[in-house]
Amino acid sequence: MSAPITVTVAGSERSVGEQTTAGELFEGDPSAGRVVVARVNGELRDLFHVLADGDIVEPVTIDSEEGLSVLRHSAAHVLAQAVQQVNADAKLGIGPPIRDGFYYDFDVETPFQPDDLKALEKAMQRIINEGQTFARRVVTEAEALAELAAEPYKCELVGLKGPDAGDAADGASVEVGGGELTIYDNLRRDGSRAWGDLCRGPHVPSTKMIGNAFKLTRSAAAYWRGSEKNPQLQRIYGTAWQSKEDLRAHLERLAEAERRDHRRLGAELDLFSFPDELGSGLPVFHPKGGVIKREMEDYSRRRHIEEGFEYVGTPHITKDGLFHTSGHLPYYADTMFPPMELEGAKYQLKAMNCPMHNLIYRSRGRSYRELPLRLFELGSVYRYEKSGVVHGLTRVRGLEMDDSHSYVTREQAPAEIKHLLGFVLSLLRDFGLDDFYLELSTRDDGEKKDKFIGSDEQWAEATSILEAVATESGLQLVPDPGGAAFYGPKISVQARDAIGRTWQMSTIQYDFNQPERFGLEYQAADGTRQEPVMIHSAKFGSVERFLGVLVEHYAGAFPVWLSPVQVLAVPVADEYADYLQGVLDRLKRRGVRVELDDSDDRFPKKIRNASKSKVPYVLIAGEDDRAADAVSFRFRDGSQRNGVPIEEAIAEIVAAIDAHVQV
RNA sequence: GCUGGCGUGGCGCAAUUGGUAGCGCACCUGUCUUGUAAACAGGCGGUUAGGGGUUCGAGUCCCCUCGCCAGCUCCA
């Protein structure tokens with residue numbers, strides 16, 4: 001008879017026998033079947049973990065964020081076992097859980113083909129059905145190296161164990177990094193060992209818990225430990241959920257994202273295209289896309305001027321000396337279009353606007369009375385993005401930035417940054433994005449520190465000012481170490497769209513480097529020459545990218561003010577076309593973008609076309625409407641309002657445009 | 001840039017083992033047209049991304065270039 005020990009389970013004390021495992025505590029609970037691991041004294045442990053006197057134990061269920069991560073991590077192990085079952089020569093990389101799923105990296109002779117995934121799924125299902133248990137085993141470094149002699153990547157990880165392992169490679173911390181080295185053995189029902197992997201754990205008690213709510217989604221190459229200097233491994237991605245229904249829901253979300261894809265909608269709605277003749281990443285805007293782009297530009301110009309900015313203009317091309325002065329060229333030469341040699345000079349396409357704005361600042365002497373001096377333009381820049389990263393409108397090679405630079409005294413900087421943050425948030429809200437968080441991108445003090453120019457003191461000051469303003473905003477602030485530009489730290493605004501995806505939108509950067517490099521100065525009240533600080537800010541970021549995000553956010557059904565066509569009139573029969581044209585003429589005089597469907601199509605077909613075009617207001621008129629000096633509204637959801645008097649209809653439409661509302 | 005998968009009329013797709021390109025929508029023409037997601041008929045349109053090769057014969061196989069997709073790396 002073992003001496004009893006006392007543990008605290010979900011808040012209440014219990015006496016249990018020695019050698020009791022975490023899992024045994026929850027046996028009999030209604031949720032027992034959903035408990036995947038336990039939190040013991042704050043650490044996640046397997047259910048097979050043997051408890052000690054005084055332990056504080058909480059169940060972690062499969063429907064929690066942590067529970068799902070454990071499930072996905074275990075699914076990754078099953079995948080690896082399946083891969084080595086099929087191909088014994090496959091060497092293991094790492095296999096962590098990620099958002100919505102997991103991946104595992106392998107070094108294999110021939111990359112995985114789409115058909116391989118199906119076969120691997122089947123092999124995984126067999127392993128899952130076997131009901132293998134995950135057994136934890138502590139090993140010494142020497143034992144691990146001996147046992148894993150055939151796994152070179154795992155051996156490399158063994159050498160990295162400890163608190164730094166997490167930094168060594170994204171995801172490596174799930175393999176090692178607990179301070180203690182462990183191997184997880186997959187045991188069959190009869191106790192024999194089916195497979196094993198160096199792993200920190202914890203894991204679900206049985207592969208059965210994975211059930212059939214998993215799917216392998218794709219394969220692709222990935223650099224070992226995240227560095228392009230390392231060899232590429234073959235990565236398989238999968239997704240795993242607590243139930244088949246959740247899996248289905250996840251796949252449905254992916255399908256919804258695909259339906260909203262701006263590249264697809266851009267073609268369907270005739271907004272823009274990417275002619276091969278122009279080259280990769282160079283979009284053209286069709287008339288309808290041009291309307292949206294122009295609305296965005298007009299809005300941006302008007303709001304900037306309201307916020308104290310002055311509109312300027314600069315060329316698309318410059319002699320390369322400018323970018324040497326700014327310091328960009330040494331950093332970005334390989335992502336700028338190569339220079340053109342003319343008259344003994346090298347000309348470069350503009351890849352950023354700030355150096356040219358500095359020249360405007362420097363064009364004459366400046367007084368402290370002029371500061372803050374705020375310059376703004378819709379500047380076209382060209383960047384030679386690597387072929388593999390060009391993507392629709394979100395990553396292009398030619399783009400327009402609503403780029404501004406505020407020149408301020410050091411003392412004015414905090415207030416200016418606050419002003420800019422308020423401005424960008426109000427702008428995003430006007431475009432219907434209202435769920436944000438902020439990211440503070442700072443210098444990396446590690447091995448990449450050389451990339452950043454400026455003194456420690458300058459970085460510290462700039463970072464603390466940005467951080468203070470960001471914190472004051474009350475928005476969630478997420479650190480992004482190493483994400484700063486070479487010349488200074490930045491705040492970026494991340495916005496969540498209608499289906500929960502986040503996009504980096506506006507940025508605000510504090511720059512103490514360029515003023516020095518350009519020799520910018522102003523005369524202070526005491527007559528001395530002082531150096532200003534410049535604050536870079538992009539609201540849309542790239543107009544193209546922002547437009548792409550809006551297409552996806554609204555799934556092509558824009559709020560009225562952004563809709564390329566705001567009112568589409570559909571006569572019930574030809575005879576009412578003139579009547580509707582009269583209504584449209586009045587709307588047009590109020591600045592409304594209107595169209596009349598006077599095609600030869602019959603009425604139902606016109607309704608169908610109107611629906612597919614996602615125009616916010618479809619105005620219909622037949623005999624009833626004409627007799628009453630009215631029109632009928634048909635909305636995008638198919639709902640209808642008949643017999644609206646013309647005056648009222650016009651007032652309502654104009655009001656919806658002015659208010660930037662969705663209908 | 002790297003790895004893999006792709007590239008057939010404007011769009012979405014089809015074409016046995018390599019056997020000589022077809023369908024729907026859109027477009028054009030004609031007839032039709034009275035209340036909410038497709039009237040009917042006829043027609044135009046492709047040297048299958050481009051180039052080279054293998055073969056009696058290539059959309060199908062091989063090589064190169066360009067472009068697209070997914071991921072990695074990168075993103076001033």
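Just so it is clear, the structure is predicted and the values come from calculations on it, not from any experiment. Below, chains carry the letters A, B, ... as their sequence lines are ordered, and counting in each starts from 1.
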**Request:** Would you mind checking if A:Arg397 and A:Glu385 are paired as a salt bridge, meaning a charged N to carboxylate O distance below 4.0 Å?
**Result:** no
**Request:** Salt-bridge test for A:Arg225 and A:Glu156: reply yes if a basic N is under 4.0 Å from a carboxylate O, no otherwise.
**Result:** yes
Classify [X] by what it touches in the nucleic acid, base, sugar-phosphate, or nothing, heavy-atom distance under 4.0 Å.
X	value
A:Ser632	base
A:Glu385	nothing
A:Gln234	sugar-phosphate
A:Thr335	base
A:Lys612	base
A:Lys229	nothing
A:Asn609	nothing

**Item:** Within 6.0 Å of NZ in A:Lys288, more than 12 heavy atoms from elsewhere
**Value:** no
**Message:** For A:Glu109, I'd like to know if atom CD has over 12 heavy atoms of other residues, nucleotides or ligands within 6.0 Å.
**Reply:** no
Round to the nearest Å and state the distance from [X] atom [atom1] to [N] atom [atom2].
X	N	atom1	atom2	value
A:Lys606	B:C32	NZ	P	16 Å
A:Tyr237	B:U3	OH	C1'	12 Å
A:Ile98	B:G71	CD1	C1'	10 Å
A:Tyr384	B:C74	OH	P	18 Å
A:Glu277	B:G10	CD	P	11 Å
A:Glu109	B:U3	CD	P	15 Å
A:Asp116	B:U3	CG	C1'	15 Å
A:Asp601	B:C28	CG	C1'	13 Å

**Prompt:** Does NZ or CZ of A:Arg235 come closer than 6.0 Å to the centre of the six-membered ring of A:Tyr103, within 45° of the ring's axis?
**Reply:** yes
Is there a side-chain contact between [X] and the phosphate of [N], meaning an N or O under 4.0 Å from OP1 or OP2?
X	N	result
A:Lys451	B:C74	no
A:Arg634	B:A37	yes
A:Lys605	B:C32	no

Check the side chains of [Y] and [X] for a donor-acceptor pair under 3.5 angstrom, ignoring hydrogens and angles.
X	Y	result
A:His286	A:Ser273	yes
A:Thr463	A:Glu461	no
A:Asp497	A:Tyr554	no
A:Lys539	A:Ser300	no
A:Gln640	A:Ser632	no
A:His405	A:Gln514	no
A:Tyr153	A:Asp107	yes

Donor-acceptor pair present, [X] side chain and [N] base, under 3.5 Å:
X	N	answer
A:Gln232	B:C2	yes
A:Tyr223	B:G71	no
A:Tyr576	B:U34	yes
A:Arg395	B:C74	yes
A:Asp334	B:G1	no
A:Lys386	B:U73	yes

Minimum-distance nucleotide (side-chain atoms of [X] versus [options]):
X	options	value
A:Arg235	B:C72, B:G35, B:A38	B:C72
A:Val389	B:G5, B:G1, B:G35	B:G1
A:Ala573	B:C72, B:U34, B:G35	B:U34
A:Gln509	B:A39, B:G4, B:A76	B:A76
A:Lys490	B:U36, B:A76, B:A37	B:A76

**Item:** Residue whose closest nucleotide on RNA chain B lies nearer the 5' end, A:Gly622 versus A:Gln113
**Value:** A:Gln113
**Message:** If you assign A:Arg383 and A:Ser227 each to the RNA chain B nucleotide with the nearest heavy atom, which residue ends up on the more 5' nucleotide?
**Reply:** A:Ser227
Atom [atom1], compared across [N] and [M]: separation rounded to whole Å:
N	M	atom1	value
B:C63	B:U55	C1'	16 Å
B:A41	B:G4	C1'	48 Å
B:U8	B:U48	P	12 Å
B:G1	B:A15	C1'	37 Å
B:C72	B:C62	C1'	29 Å
B:C27	B:C11	C1'	12 Å
B:G45	B:G10	P	13 Å
B:A14	B:G9	C1'	14 Å

**Sorted by number, the residues of residues 478-487 of chain A with heavy-atom contact under 4.0 Å to RNA chain B** = A:Ala485, A:Tyr487
**Message:** Determine whether the aromatic ring of A:Tyr332 stacks with the base of B:A76, defined as ring centroids separated by less than 5.5 Å and ring planes inclined by less than 30°.
**Reply:** yes
**Request:** Report yes if some heavy atom in the side chain of A:Phe603 is under 4.5 Å from a heavy atom in the side chain of A:Lys605; otherwise report no.
**Result:** no
**Asked** Should A:Lys229 and A:Tyr223 count as side-chain neighbours, where that means a heavy-atom distance under 4.5 Å?
**Response** no
**Complete:** Nucleotide by nucleotide, nucleotides 64-70 of chain B touches protein heavy atoms under 4.0 Å in the pattern (B base, S sugar-phosphate only, - none) ---SSSS
**Prompt:** Checking side-chain contact (heavy atoms from CB on, under 4.5 Å) for the pair A:Asp601/A:Asn609: CA distance, chi angles, key distance, verdict?
**Reply:** CA-CA 10 Å; A:Asp601 290 326; A:Asn609 287 341; 3.6 Å; yes
**Request:** Evaluate the ring planes of A:His304 and A:Phe376, with Trp represented by its six-membered ring, and classify them as parallel (under 30°), tilted (30 to 60°) or perpendicular (over 60°).
**Result:** parallel
**Per-nucleotide pairing state of RNA chain B [Watson-Crick or G-U, under 3.5 Å; [ ] pseudoknot-crossing; | other strand]** = (((((((..((((.....[..)))).(((((.......))))).....(((((..]....))))))))))))....
